[in-house]
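First the structure, in the form of structure tokens, and then the observations on it.
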Amino acid sequence: MVRRIDVTGADGVRLAAWEFADPPKTGEIERSPGVLLLHGLMGRASHWASTARWLSERHRAVALDQRGHGQSDKPPEGPYTRDAYVGDAEAALEQLGLAPAVLIGHSMGALTAWQLAAKRPDLVRGLIICDMRASALGAASQREWEAWFKSWPVPFATLADVRKWFGEDDPWVERPNPSRGEFYAEAMAESDDGWRPVFEPEQMLKSRETWVYDAHWEELAQVRCPALVVRGLDGELGRAESQEMVRVLPHGQYAEVADAGHLVHYDQPEAWRGAIEPFLDGVLTG
């Protein structure tokens, strides 16, 4: 069963939160430890469906469509700032009654998660950071992304075309990657002239420019709960930086997933589960 729950985020933005399992029985919600899943830039809550389902066997797991993504509001003028994203996640935890929760974030969602953990330690009992760098990426990275968005051959005629382009033909793909094609197919919707992303690329660039120029080590050092840094061996987070992040975190741990790129939980779902489940067991049942 998939259930949608409406949440009011910062500035009154309407957000869609999702449970990918039967809702807890009356009285179990308060006793069941909560997990909030935060996708990355261009992602959506449904990218967490498989993770949320196995989590829901023992815990209450909710995935959030962040502003500008999925079925949440996409206000033309935003704001798409760090404060707005963190405020949305904070509001979701409080309105859903999940706190103190474990936050699981991928990429930009991981940054949101650790910034919230630093801001509101009372709401967060544990943190999983998946393939997100703490260092500044810089102006060159932003220009590369602008050019990349312009290279997309939208609209796509079919979902098969989406899968092929993002899984094989995209210049950023070094070798065929079917899971990457599936990831982007999940982020498309059919329109009158073909398949287009459910997000506005301009809004994604606005979101990205609010964090890409800055380093985020200071907030990382302020995270007081147990935290696990996970990287795909072929992802964007290098081993040296990930280990430095673990060192900076007051209670940091490290895990890596072989044969996985940036989309760790999509590339290797079973290995992803194996990497994070021991940490979760310790935090949620300890």
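Remark: the Arg82 side chain and the Thr112 side chain contain an N/O donor-acceptor pair separated by less than 3.5 Å. Using modelled atom types and a 3.5 Å distance limit, the side chains of Ser207 and Tyr85 yield a donor-acceptor pair. With no hydrogens or angles considered, no side-chain donor-acceptor pair links Gln203 and Arg67 at under 3.5 Å. Side-chain atoms of Thr81 and Asp83 include no donor-acceptor pair closer than 3.5 Å. Residues Asn177 and Ser179 have side chains that bring a donor and an acceptor to within less than 3.5 angstrom of each other. Neither side chain, Ser72 nor Gln66, offers a donor N or O lying under 3.5 Å from an acceptor on the other.
Within a 6.0 Å sphere centred on CD of Glu218, other residues, nucleotides and ligands contribute 12 heavy atoms or fewer.
Atom-to-atom distance recorded for Trp48:CH2 and Leu55:CG is 9.5 Å, nearest 0.5 angstrom. Rounding to the nearest 0.5 Å places CD of Glu209 at 12.0 Å from OG of Ser141.
When every heavy atom of Leu237 is checked against every heavy atom of Val230, the shortest pair comes out as CD2-O, 4.3 Å. When all heavy atoms of Tyr254 and Ser242 are compared, the pair lying nearest together is CE1-OG, 3.3 Å. The shortest non-hydrogen separation linking Pro197 to Val154 is CD-CG1, 4.2 Å. Of all heavy-atom pairs between Val35 and Ala101, the closest is N-CB, 4.4 Å.
Both Tyr213 and Leu111 belong to a common hydrophobic cluster when Ile, Leu, Val, Met, Phe, Trp and Tyr are linked at side-chain heavy-atom distances under 4.5 angstrom. Leu37 and Phe20 sit in two unconnected hydrophobic clusters of ILVMFWY residues. Membership requires side-chain heavy atoms under 4.5 Å apart, directly or through other members. Follow the hydrophobic side-chain contacts under 4.5 Å out from Val2 and you never reach Leu98; the two are in separate clusters. With hydrophobic clusters built from ILVMFWY side chains whose heavy atoms lie under 4.5 angstrom apart, Leu233 does not share a cluster with Val246. Val264 and Val173 fall into different hydrophobic clusters, where Ile, Leu, Val, Met, Phe, Trp and Tyr are joined by side-chain heavy atoms under 4.5 Å apart, directly or via other members.
By the 4.5 Å heavy-atom criterion applied to side chains, Met204 and Trp145 are not counted as neighbours. Trp211 is listed as a side-chain neighbour of Met132, based on a closest heavy-atom distance under 4.5 Å. Put simply, the side chain of Trp152 reaches to within 4.5 Å of the side chain of Phe166, judged on heavy atoms. Leu220 is listed as a side-chain neighbour of Trp217, based on a closest heavy-atom distance under 4.5 Å. At least one side-chain heavy atom of Ile129 sits less than 4.5 Å from a side-chain heavy atom of Trp114. Taking 4.5 Å as the limit, some side-chain heavy atom of Arg44 sits within range of a side-chain heavy atom of Val198. Side-chain contact between Arg125 and Cys225 is absent, with no heavy atoms from C-beta onward closer than 4.5 Å. Using a 4.5 Å heavy-atom cutoff, the side chains of Pro121 and Gln222 are not in contact.
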Give the C-alpha distance, both sets of side-chain angles, the deciding distance and a yes or no for side-chain contact (heavy atoms from CB on, under 4.5 Å) between Asp281 and Arg58. CA-CA 10 Å; Asp281 286 345; Arg58 298 171 58 190; 2.9 Å; yes
Given the rule in the side-chain contact (heavy atoms from CB on, under 4.5 Å) test, do Val257 and His265 qualify, once you have shown the distances and angles that lead to the verdict? CA-CA 9 Å; Val257 178; His265 55 302; over 6 Å; no
List the steps and the verdict of side-chain contact (heavy atoms from CB on, under 4.5 Å) for Leu280 and Val102. CA-CA 8 Å; Leu280 287 168; Val102 171; 3.7 Å; yes
Please walk me through it: do Arg120 and Glu94 pass salt bridge (Lys or Arg N to Asp or Glu O under 4.0 Å)? CA-CA 11 Å; Arg120 291 289 308 273; Glu94 293 179 329; 3.1 Å; yes
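Using a 4.0 Å cut-off between charged nitrogen and carboxylate oxygen, Glu19 and Arg60 count as a salt-bridge pair. A salt bridge links Glu182 with Arg163: the distance from a Lys NZ or Arg NE/NH1/NH2 to an Asp or Glu carboxylate oxygen falls below 4.0 Å. Using a cutoff of 4.0 Å between basic side-chain nitrogens and carboxylate oxygens, Arg247 and Glu244 are scored as salt-bridged. Ion pairing between Lys119 and Glu90 holds under the 4.0 Å rule for side-chain N and carboxylate O. Under a 4.0 Å N-O distance rule, the pair Arg239/Glu256 qualifies as a salt bridge.
In this structure His262 satisfies the side chain to side chain donor-acceptor pair (under 3.5 Å) test together with Ser107, Asp131, sequence neighbours excluded.
Ring centers of Trp54 and Trp272: at least 6.0 Å apart, outside the cut-off. Taking the six-membered ring for Trp and the full ring otherwise, the centers of Tyr266 and Tyr184 sit at least 6.0 Å from each other.
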Output a table of donor-acceptor pairs, distance under 3.5 Å, between side-chain atoms of residues 9-18 and any protein atom two or more places apart or on a different chain; print 'none' if there are none.
{"unit_1": "Arg14", "atom_1": "NE", "unit_2": "Asp73", "atom_2": "OD1", "d": "3.3"}
{"unit_1": "Arg14", "atom_1": "NH2", "unit_2": "Asp73", "atom_2": "OD1", "d": "3.0"}
{"unit_1": "Trp18", "atom_1": "NE1", "unit_2": "Asp65", "atom_2": "OD2", "d": "3.0"}

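Between Arg180 and the options Asp170, Asp169, Asp267, Asp234, a salt bridge (charged side-chain N to carboxylate O under 4.0 Å, His left out) holds for only Asp170.
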